[in-house]
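Bear in mind that the values here come from a model prediction, so they are computed numbers and not experimental data.
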Amino acid sequence: MTVNSKFSNALIMWYLINQRDLPWRSSKNPYLIWLSEIILQQTRIAQGTSYYEKFVNEFIDIFALAKADEKHILKLWQGLGYYSRARNLHATAKIIVDKYQGQFPETYAELISLKGVGDYTASAIASIAFDQPHAVVDGNVYRVLSRVFGISTPINESKGIKEFKLLAQKLLHTEDPGTYNQALMEFGALVCTPKNPKCDSCIFNDSCYALQKRTIDKLPVKLKKLTVKKRYFNYLVVDDNGESTILKQRHQKDIWMNLFEFPLYETEQILEDETELEHFIHRDLMIEGTYSIKKYNEFPILHKLTHQTLYASFWIIKPKGRFKNPVAWEDLKQMALPVLLQNFVDKYQSLN
DNA sequence: AAAACGGGGAA
DNA sequence: TTCCCAGTTTT
């Protein structure tokens with residue numbers, strides 16, 4: 001028995017006993033595998049599972065998903081983040097229906113050409129749904145392989161990306177690549193965890209390089225730190241006695257693309273009073289001039305994203321006359337809102 | 001090659 | 001706080 005098959009056999013044995021019972025594991029339907037993989041990109045199982053259930057219940061197959069409105073899909077996606085995944089999900093569903101007659105392509109090359117499907121997801125679908133020999137490399141795989149084999153090449157530079165992909169591919173259990181891939185990821189999620197890995201009960205604790213060298217907490221190596229910029233958002237919340245408000249859809253290439261929000265006035269720093277807002281309100285919101293305005297939150301609400309920290313102030317505007325493009329508050333239930341906005345709406349409505 | 005893209009949970 | 005999650009796309 002080779003070193004490689006020893007590794008994959010041990011892993012698969014461990015997996016058959018210790019795997020979690022997850023909803024997408026009961027099927028090899030490529031639609032369900034694809035859906036679960038998109039949802040789980042950069043997302044914990046615990047967070048993604050309920051979304052998977054929602055989507056499966058709402059869209060039983062690729063045809064149902066392709067026919068849906070993007071607004072509907074975004075609403076179901078609300079709170080999961082990285083909303084380009086939802087937009088690409090819809091675009092790809094249409095492509096599968098229109099170009100492939102609803103049948104998922106089975107080759108890696110065709111799969112990776114789909115929107116929102118990169119090397120990881122193409123490999124996952126090809127191996128899990130179609131038993132093809134493509135190794136996945138996700139965060140779990142980087143961690144397990146870097147520790148067990150003592151590889152300190154940075155995982156976020158091209159050299160490391162290639163090296164780990166090559167190693168994962170070399171270790172691949174070609175008889176059952178789907179199970180091998182899932183086993184490796186599951187092992188990283190349950191045993192070889194980022195903090196406090198369970199080395200005592202680890203099946204590789206007699207050979208693990210990092211454990212022997214006491215470098216578990218040094219691996220995998222990840223370089224670079226991200227820069228976080230600050231932004232100051234002033235949301236203008238028109239409230240016509242709880243009847244209607246004004247909502248805008250974001251279209252710019254920016255955070256939350258295609259989600260809805262109240263009219264936004266962004267500033268370079270925290271806005272203390274409303275004088276700077278008045279021109280904007282009159283020009284973009286009001287048809288007839290008079291209204292009252294009051295700051296809702298004394299201190300800006302902090303909302304942290306990966307690359308930016310948002311400081312949000314909400315200004316409540318009670319119009320005396322008509323205003324442009326009113327939307328019933330009731331209709332907000334259908335619109336996808338960023339979590340920051342949904343939290344505000346929930347709090348605001350509980351007070352009225 | 002680097003930066004952007006969400007939100008949440010664990011330590 | 002910091003890290004990072006079944007990564008991909010754009011710059």
Proximity to the side chain of [X] - top-ranked nucleotide from [options]:
X	options	result
A:E37	C:dG7, C:dA6, C:dC4	C:dA6
A:Q41	C:dA6, C:dG7, B:dA4	C:dG7
A:Q308	C:dA6, B:dA1, B:dC5	B:dC5

5'-most contact on DNA chain C (nearest-nucleotide basis), A:T306 vs A:A122, goes to A:T306

Specify the residue among A:L40 and A:G116 whose closest nucleotide of DNA chain C lies further upstream toward the 5′ end.
A:L40

Can you tell me if the side-chain N/O atoms of A:Y83 get under 4.0 Å from OP1 or OP2 in B:dG7?
yes

Given the P atoms of C:dA6 and B:dA3, what is the spacing between them in whole Å?
25 Å

Which residues within residues 214-222 of chain A lie with some heavy atom under 4.0 Å of an atom in DNA chain B?
none

Taking the six-membered ring for Trp, are A:F280 and A:W315 closer than 6.0 Å centroid to centroid?
no

Under-4.0 Å salt bridge between [X] and [Y]:
X	Y	value
A:K248	A:D284	no
A:E58	A:K75	no
A:E330	A:K333	yes

Can you check the A:D138 CG to C:dC4 C1' distance for me, whole Å?
12 Å

Please tabulate, one pair per line, each protein N/O and nucleotide N/O from nucleotides 8-11 of chain B that are separated by under 3.5 Å, including the distance.
from	atom 1	to	atom 2	distance (Å)
B:dG8	N2	A:R44	NE	3.3

